[in-house]
Amino acid sequence: MRSHDHVSPGEFDAAIADIRSSGGGSVRWFVSNPTDAERGYAAHHGLTIDVPLLLMRCDLPLDSRHRTPTGFATRAFRPGIDNDEWLAVNARAFADHPEQGDWNHDVLAERLAEPWFDPHGFLIHEINGHIAGFCWTQVHHTGAHHNTGAHHHDHTGAHHHDQQEPAGEIYVIGVDPVHHGKSLGRALTIAGFAHLATHGLRRGMLYVAGDNSPAIHLYSSLGMTVAHRDEVFVGVIS
Ligand SMILES: CC(C)(COP(=O)(O)OP(=O)(O)OC[C@H]1O[C@@H](n2cnc3c(N)ncnc32)[C@H](O)[C@@H]1OP(=O)(O)O)[C@@H](O)C(=O)NCCC(=O)NCCS
(Lines give C-alpha, C1' and ligand atoms only; values in the text may rest on other atoms or scores of the structure.)
Protein backbone atom coordinates (compact mmCIF):
# COMPACT_ATOMS: atom_id res chain seq x y z
CA MET A 1 0.00 0.00 0.00
CA ARG A 2 1.12 3.51 -0.65
CA SER A 3 0.18 6.68 1.21
CA HIS A 4 -0.07 9.74 -1.00
CA ASP A 5 -0.70 11.96 2.01
CA HIS A 6 -0.02 11.46 5.66
CA VAL A 7 -2.41 9.04 7.34
CA SER A 8 -4.22 9.14 10.66
CA PRO A 9 -4.07 6.24 13.13
CA GLY A 10 -7.70 5.45 12.18
CA GLU A 11 -6.87 5.24 8.46
CA PHE A 12 -3.85 3.10 9.16
CA ASP A 13 -5.78 0.74 11.45
CA ALA A 14 -8.56 0.48 8.84
CA ALA A 15 -6.03 -0.48 6.14
CA ILE A 16 -4.51 -3.14 8.39
CA ALA A 17 -7.99 -4.44 9.30
CA ASP A 18 -8.80 -4.71 5.57
CA ILE A 19 -5.68 -6.74 4.93
CA ARG A 20 -6.45 -8.95 7.92
CA SER A 21 -10.04 -9.54 6.82
CA SER A 22 -8.88 -10.59 3.37
CA GLY A 23 -6.65 -13.27 4.88
CA GLY A 24 -3.57 -11.29 5.90
CA GLY A 25 -0.16 -11.75 4.34
CA SER A 26 3.00 -9.81 3.77
CA VAL A 27 2.64 -6.05 3.70
CA ARG A 28 4.80 -3.31 2.24
CA TRP A 29 3.88 0.25 3.12
CA PHE A 30 5.39 3.06 1.04
CA VAL A 31 5.32 6.49 2.61
CA SER A 32 7.03 9.73 1.73
CA ASN A 33 8.70 11.52 4.68
CA PRO A 34 6.96 9.50 7.41
CA THR A 35 6.07 11.38 10.57
CA ASP A 36 7.06 10.03 13.98
CA ALA A 37 3.42 9.10 14.47
CA GLU A 38 3.40 7.08 11.24
CA ARG A 39 6.60 5.32 12.26
CA GLY A 40 4.78 4.55 15.50
CA TYR A 41 1.75 2.96 13.76
CA ALA A 42 4.06 0.83 11.65
CA ALA A 43 5.95 -0.34 14.74
CA HIS A 44 2.71 -0.94 16.60
CA HIS A 45 1.63 -3.41 13.89
CA GLY A 46 5.03 -5.09 13.85
CA LEU A 47 6.24 -3.52 10.61
CA THR A 48 9.95 -2.79 10.34
CA ILE A 49 11.80 -0.35 8.13
CA ASP A 50 13.21 -1.69 4.86
CA VAL A 51 15.34 -0.22 2.08
CA PRO A 52 13.80 2.99 0.66
CA LEU A 53 12.32 3.02 -2.82
CA LEU A 54 13.58 5.64 -5.27
CA LEU A 55 11.64 7.09 -8.18
CA MET A 56 14.11 8.04 -10.92
CA ARG A 57 13.19 10.13 -13.93
CA CYS A 58 14.63 11.35 -17.19
CA ASP A 59 13.58 13.27 -20.24
CA LEU A 60 13.01 11.28 -23.41
CA PRO A 61 14.54 10.64 -25.77
CA LEU A 62 17.75 9.99 -23.86
CA ASP A 63 20.78 12.00 -24.89
CA SER A 64 21.96 10.89 -28.34
CA ARG A 65 25.20 9.63 -26.76
CA HIS A 66 23.15 6.74 -25.40
CA ARG A 67 22.41 4.48 -28.33
CA THR A 68 21.78 0.77 -28.41
CA PRO A 69 24.98 -0.93 -29.60
CA THR A 70 25.08 -1.91 -33.26
CA GLY A 71 23.67 -5.38 -33.70
CA PHE A 72 21.83 -5.40 -30.35
CA ALA A 73 18.40 -6.86 -31.07
CA THR A 74 15.24 -7.37 -29.07
CA ARG A 75 11.96 -9.01 -29.89
CA ALA A 76 8.48 -8.78 -28.36
CA PHE A 77 7.49 -11.05 -25.47
CA ARG A 78 5.31 -13.97 -26.65
CA PRO A 79 2.56 -14.56 -24.07
CA GLY A 80 2.13 -18.25 -23.36
CA ILE A 81 5.33 -19.27 -25.17
CA ASP A 82 7.86 -17.24 -23.13
CA ASN A 83 6.20 -17.47 -19.72
CA ASP A 84 8.20 -20.37 -18.24
CA GLU A 85 11.59 -19.23 -19.46
CA TRP A 86 10.95 -15.61 -18.49
CA LEU A 87 9.85 -16.60 -14.97
CA ALA A 88 13.09 -18.57 -14.54
CA VAL A 89 15.26 -15.65 -15.72
CA ASN A 90 13.27 -13.22 -13.56
CA ALA A 91 13.76 -15.47 -10.51
CA ARG A 92 17.51 -15.68 -11.08
CA ALA A 93 17.90 -11.94 -11.75
CA PHE A 94 15.83 -10.97 -8.70
CA ALA A 95 17.02 -13.73 -6.35
CA ASP A 96 17.79 -11.03 -3.75
CA HIS A 97 14.50 -9.18 -4.30
CA PRO A 98 11.79 -11.71 -3.43
CA GLU A 99 8.85 -9.36 -4.08
CA GLN A 100 9.87 -9.43 -7.76
CA GLY A 101 11.81 -12.72 -7.91
CA ASP A 102 8.92 -14.72 -6.44
CA TRP A 103 6.56 -13.97 -9.32
CA ASN A 104 4.78 -17.16 -10.36
CA HIS A 105 2.60 -18.11 -13.31
CA ASP A 106 -0.51 -16.56 -11.79
CA VAL A 107 1.13 -13.18 -11.11
CA LEU A 108 2.61 -13.07 -14.61
CA ALA A 109 -0.71 -14.10 -16.20
CA GLU A 110 -2.48 -11.33 -14.27
CA ARG A 111 -0.02 -8.71 -15.50
CA LEU A 112 -0.20 -9.97 -19.09
CA ALA A 113 -3.98 -9.60 -18.90
CA GLU A 114 -3.84 -5.95 -17.74
CA PRO A 115 -5.39 -3.49 -20.18
CA TRP A 116 -2.08 -1.63 -20.45
CA PHE A 117 -0.09 -4.72 -21.45
CA ASP A 118 1.55 -4.47 -24.87
CA PRO A 119 3.87 -7.33 -25.91
CA HIS A 120 5.83 -4.93 -28.14
CA GLY A 121 6.72 -2.91 -25.04
CA PHE A 122 8.09 -6.03 -23.32
CA LEU A 123 11.51 -6.32 -24.96
CA ILE A 124 13.33 -9.63 -24.90
CA HIS A 125 17.01 -10.03 -25.74
CA GLU A 126 18.15 -13.54 -26.61
CA ILE A 127 21.56 -15.16 -26.69
CA ASN A 128 21.76 -18.52 -28.47
CA GLY A 129 18.00 -18.85 -28.48
CA HIS A 130 17.61 -18.23 -24.74
CA ILE A 131 16.29 -15.18 -22.91
CA ALA A 132 19.39 -13.36 -21.63
CA GLY A 133 17.64 -10.18 -20.47
CA PHE A 134 14.44 -8.22 -20.74
CA CYS A 135 13.06 -4.71 -20.42
CA TRP A 136 9.33 -4.49 -19.78
CA THR A 137 7.99 -0.99 -20.40
CA GLN A 138 4.65 0.49 -19.52
CA VAL A 139 2.91 3.67 -20.68
CA HIS A 140 1.08 5.76 -18.10
CA HIS A 141 -1.57 7.99 -19.64
CA THR A 142 -2.44 11.18 -17.82
CA GLY A 143 -5.37 10.75 -15.49
CA ALA A 144 -5.81 7.09 -16.36
CA HIS A 145 -3.99 5.37 -13.58
CA HIS A 146 -4.75 1.75 -14.17
CA ASN A 147 -2.51 -0.16 -11.85
CA THR A 148 -3.72 -2.58 -9.27
CA GLY A 149 -2.08 -5.23 -7.20
CA ALA A 150 0.47 -5.65 -4.52
CA HIS A 151 3.75 -5.09 -6.29
CA HIS A 152 5.56 -1.85 -5.61
CA HIS A 153 5.75 -0.92 -9.27
CA ASP A 154 1.99 -0.95 -9.25
CA HIS A 155 1.68 1.95 -6.86
CA THR A 156 2.95 4.69 -9.06
CA GLY A 157 0.70 7.43 -7.78
CA ALA A 158 3.54 9.74 -6.81
CA HIS A 159 4.29 10.91 -10.32
CA HIS A 160 0.67 11.73 -11.06
CA HIS A 161 0.57 14.55 -8.58
CA ASP A 162 3.06 16.78 -10.26
CA GLN A 163 3.01 16.13 -13.96
CA GLN A 164 0.39 16.13 -16.65
CA GLU A 165 2.55 14.64 -19.34
CA PRO A 166 2.14 10.88 -19.85
CA ALA A 167 5.15 8.95 -18.59
CA GLY A 168 6.92 5.92 -19.93
CA GLU A 169 8.04 3.51 -17.26
CA ILE A 170 10.60 0.77 -17.21
CA TYR A 171 8.39 -1.56 -15.23
CA VAL A 172 10.73 -4.52 -14.73
CA ILE A 173 14.22 -4.93 -16.16
CA GLY A 174 16.65 -7.75 -15.57
CA VAL A 175 19.58 -9.62 -17.00
CA ASP A 176 20.29 -13.28 -16.34
CA PRO A 177 23.17 -13.25 -13.80
CA VAL A 178 25.30 -15.42 -16.09
CA HIS A 179 25.31 -12.45 -18.47
CA HIS A 180 25.84 -9.63 -15.96
CA GLY A 181 28.56 -7.10 -16.64
CA LYS A 182 28.40 -7.47 -20.44
CA SER A 183 26.57 -4.18 -20.99
CA LEU A 184 23.25 -5.92 -21.65
CA GLY A 185 21.51 -3.99 -18.84
CA ARG A 186 22.72 -0.73 -20.35
CA ALA A 187 21.60 -1.75 -23.85
CA LEU A 188 18.20 -2.92 -22.58
CA THR A 189 17.57 0.28 -20.61
CA ILE A 190 18.43 2.36 -23.67
CA ALA A 191 16.29 0.14 -25.90
CA GLY A 192 13.33 0.38 -23.49
CA PHE A 193 13.47 4.17 -23.31
CA ALA A 194 13.98 4.39 -27.09
CA HIS A 195 10.83 2.30 -27.54
CA LEU A 196 8.90 4.65 -25.23
CA ALA A 197 10.30 7.75 -26.99
CA THR A 198 9.25 6.32 -30.36
CA HIS A 199 5.73 6.17 -28.97
CA GLY A 200 5.81 9.89 -28.31
CA LEU A 201 6.65 9.83 -24.61
CA ARG A 202 8.84 12.66 -23.37
CA ARG A 203 9.16 11.55 -19.75
CA GLY A 204 10.84 8.37 -18.55
CA MET A 205 10.69 6.93 -15.06
CA LEU A 206 11.28 3.82 -13.01
CA TYR A 207 11.41 2.63 -9.43
CA VAL A 208 14.56 1.18 -7.92
CA ALA A 209 15.44 -0.03 -4.45
CA GLY A 210 17.77 2.42 -2.70
CA ASP A 211 20.44 -0.28 -2.15
CA ASN A 212 20.58 -1.48 -5.77
CA SER A 213 23.86 0.24 -6.59
CA PRO A 214 24.53 -1.45 -9.96
CA ALA A 215 21.11 -0.36 -11.23
CA ILE A 216 21.26 3.15 -9.71
CA HIS A 217 24.73 3.64 -11.15
CA LEU A 218 23.54 2.50 -14.56
CA TYR A 219 20.46 4.75 -14.58
CA SER A 220 22.45 7.77 -13.33
CA SER A 221 25.01 7.24 -16.08
CA LEU A 222 22.14 7.52 -18.58
CA GLY A 223 21.11 10.89 -17.13
CA MET A 224 18.34 9.75 -14.76
CA THR A 225 17.94 11.55 -11.46
CA VAL A 226 16.16 10.69 -8.21
CA ALA A 227 12.85 12.56 -8.17
CA HIS A 228 11.27 11.05 -5.10
CA ARG A 229 12.05 8.72 -2.25
CA ASP A 230 9.63 6.59 -0.22
CA GLU A 231 10.39 4.95 3.08
CA VAL A 232 9.26 1.33 3.09
CA PHE A 233 7.88 -0.56 6.07
CA VAL A 234 7.44 -4.32 5.84
CA GLY A 235 5.89 -7.05 7.91
CA VAL A 236 3.40 -9.86 8.02
CA ILE A 237 -0.20 -9.28 9.07
CA SER A 238 -2.05 -12.35 10.26
C1 LIG B 1 20.86 -3.89 -13.07
C2 LIG B 1 21.19 -4.89 -14.16
C3 LIG B 1 20.02 -4.93 -15.15
C4 LIG B 1 22.45 -4.41 -14.89
O5 LIG B 1 22.68 -5.30 -15.94
P6 LIG B 1 24.17 -5.64 -16.45
O7 LIG B 1 24.01 -6.19 -17.83
O8 LIG B 1 24.89 -6.47 -15.48
O9 LIG B 1 24.83 -4.20 -16.48
P10 LIG B 1 25.84 -3.62 -17.56
O11 LIG B 1 26.88 -4.63 -17.89
O12 LIG B 1 25.04 -3.07 -18.70
O13 LIG B 1 26.48 -2.46 -16.74
C14 LIG B 1 25.92 -1.18 -16.78
C15 LIG B 1 26.46 -0.34 -15.68
O16 LIG B 1 25.96 -0.88 -14.46
C17 LIG B 1 26.93 -0.73 -13.46
N18 LIG B 1 27.16 -2.03 -12.85
C19 LIG B 1 26.87 -3.24 -13.37
N20 LIG B 1 27.16 -4.20 -12.50
C21 LIG B 1 27.64 -3.57 -11.40
C22 LIG B 1 28.08 -4.02 -10.14
N23 LIG B 1 28.08 -5.32 -9.82
N24 LIG B 1 28.45 -3.11 -9.23
C25 LIG B 1 28.42 -1.77 -9.54
N26 LIG B 1 28.02 -1.30 -10.72
C27 LIG B 1 27.62 -2.18 -11.63
C28 LIG B 1 28.14 -0.19 -14.07
O29 LIG B 1 28.10 1.17 -13.76
C30 LIG B 1 27.95 -0.35 -15.53
O31 LIG B 1 28.47 0.81 -16.08
P32 LIG B 1 29.78 0.76 -16.99
O33 LIG B 1 29.25 0.32 -18.30
O34 LIG B 1 30.24 2.17 -16.93
O35 LIG B 1 30.73 -0.22 -16.38
C36 LIG B 1 21.50 -6.30 -13.62
O37 LIG B 1 22.47 -6.18 -12.60
C38 LIG B 1 20.31 -7.05 -13.07
O39 LIG B 1 19.59 -7.76 -13.79
N40 LIG B 1 20.11 -6.95 -11.75
C41 LIG B 1 19.06 -7.69 -11.07
C42 LIG B 1 17.70 -7.15 -11.42
C43 LIG B 1 17.59 -5.67 -11.08
O44 LIG B 1 18.05 -5.24 -10.04
N45 LIG B 1 16.97 -4.90 -11.97
C46 LIG B 1 16.79 -3.49 -11.79
C47 LIG B 1 15.59 -3.21 -10.93
S48 LIG B 1 15.18 -1.50 -10.94
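The structure displayed is predicted, hence computed values, not measured ones. Every number for a ligand or one of its atoms is a count from 1 in the order of the listing. For the single chain, residues carry numbers from 1 onward in sequence order.
Below 3.5 Å of separation, one finds an N or O of Val175 facing an N or O of ligand 1. Backbone and side-chain nitrogen or oxygen atoms of Ser183 are examined, and one is located within less than 3.5 angstrom of a nitrogen or oxygen of ligand 1. Distances between N or O atoms of His179 and those of ligand 1 include no value under 3.5 Å. Considering backbone and side-chain atoms alike, Gly185 places an N or O below 3.5 Å from some N or O of ligand 1. Note: an N/O pair closer than 3.5 Å links Gly181 and ligand 1 by distance alone. By the 3.5 Å distance cut-off applied to N or O atoms, Tyr207 is not counted among the residues near ligand 1. Checked against a 3.5 angstrom limit, the closest N/O atoms of Lys182 and ligand 1 fall inside it. Remark: ligand 1 and Ile173 share an N or O pair separated by less than 3.5 Å (distance only, no angle test). Close N/O approach between Asn212 and ligand 1 is found [any backbone or side-chain N/O within under 3.5 Å].
Near Leu218, the atoms of ligand 1 lying under 4.0 angstrom from a non-hydrogen atom of the residue are 14 (C), 15 (C), 16 (O). The ligand atoms of ligand 1 that sit less than 4.0 angstrom from a heavy atom of Val208 are 48 (S). Shown in contact with Gly174 at under 4.0 Å from a heavy atom are these atoms of ligand 1, numbered in order with element: 39 (O).
Aromatic rings of Trp116 and Tyr171 (six-membered ring for Trp) have centroids within the 6.0 Å cut-off, being under it. Ring centroids of Trp86 and Phe122 are separated by less than 6.0 Å, placing the two rings close together. Two rings, from Phe12 and His45, have their centers less than 6.0 Å apart.
Annotation: salt bridge (charged side-chain N to carboxylate O under 4.0 Å, His left out) contacts involving residues 86-95, sequence neighbours excluded, comprise Arg92-Asp176.
With hydrogens and angles ignored, the 3.5 Å screen pairs no side-chain donor or acceptor of Asp13 with any backbone N or O of Gly10.
At a heavy-atom distance under 4.0 Å, only side-chain atoms of Tyr219, from C-beta outward, approach ligand 1.
Heavy-atom proximity to atom 31 (O) of ligand 1, evaluated over Arg186, His180, Arg92, is greatest for Arg186.
Within a 6.0 Å radius of NE2 in His180, more than 12 heavy atoms belonging to other residues, nucleotides or ligands are found.
Remark: Arg111 is positioned above the aromatic ring of Trp103, its terminal NZ or CZ atom under 6.0 angstrom from the ring centre and at most 45 degrees off the axis.
Just one residue in the list Thr48, Val27, Leu47 forms a side chain to side chain contact (heavy atoms under 4.5 Å, CB included) with Val234, and that residue is Thr48.
Ring planes of His195 and His199: tilted class, angle from 30 to 60°.
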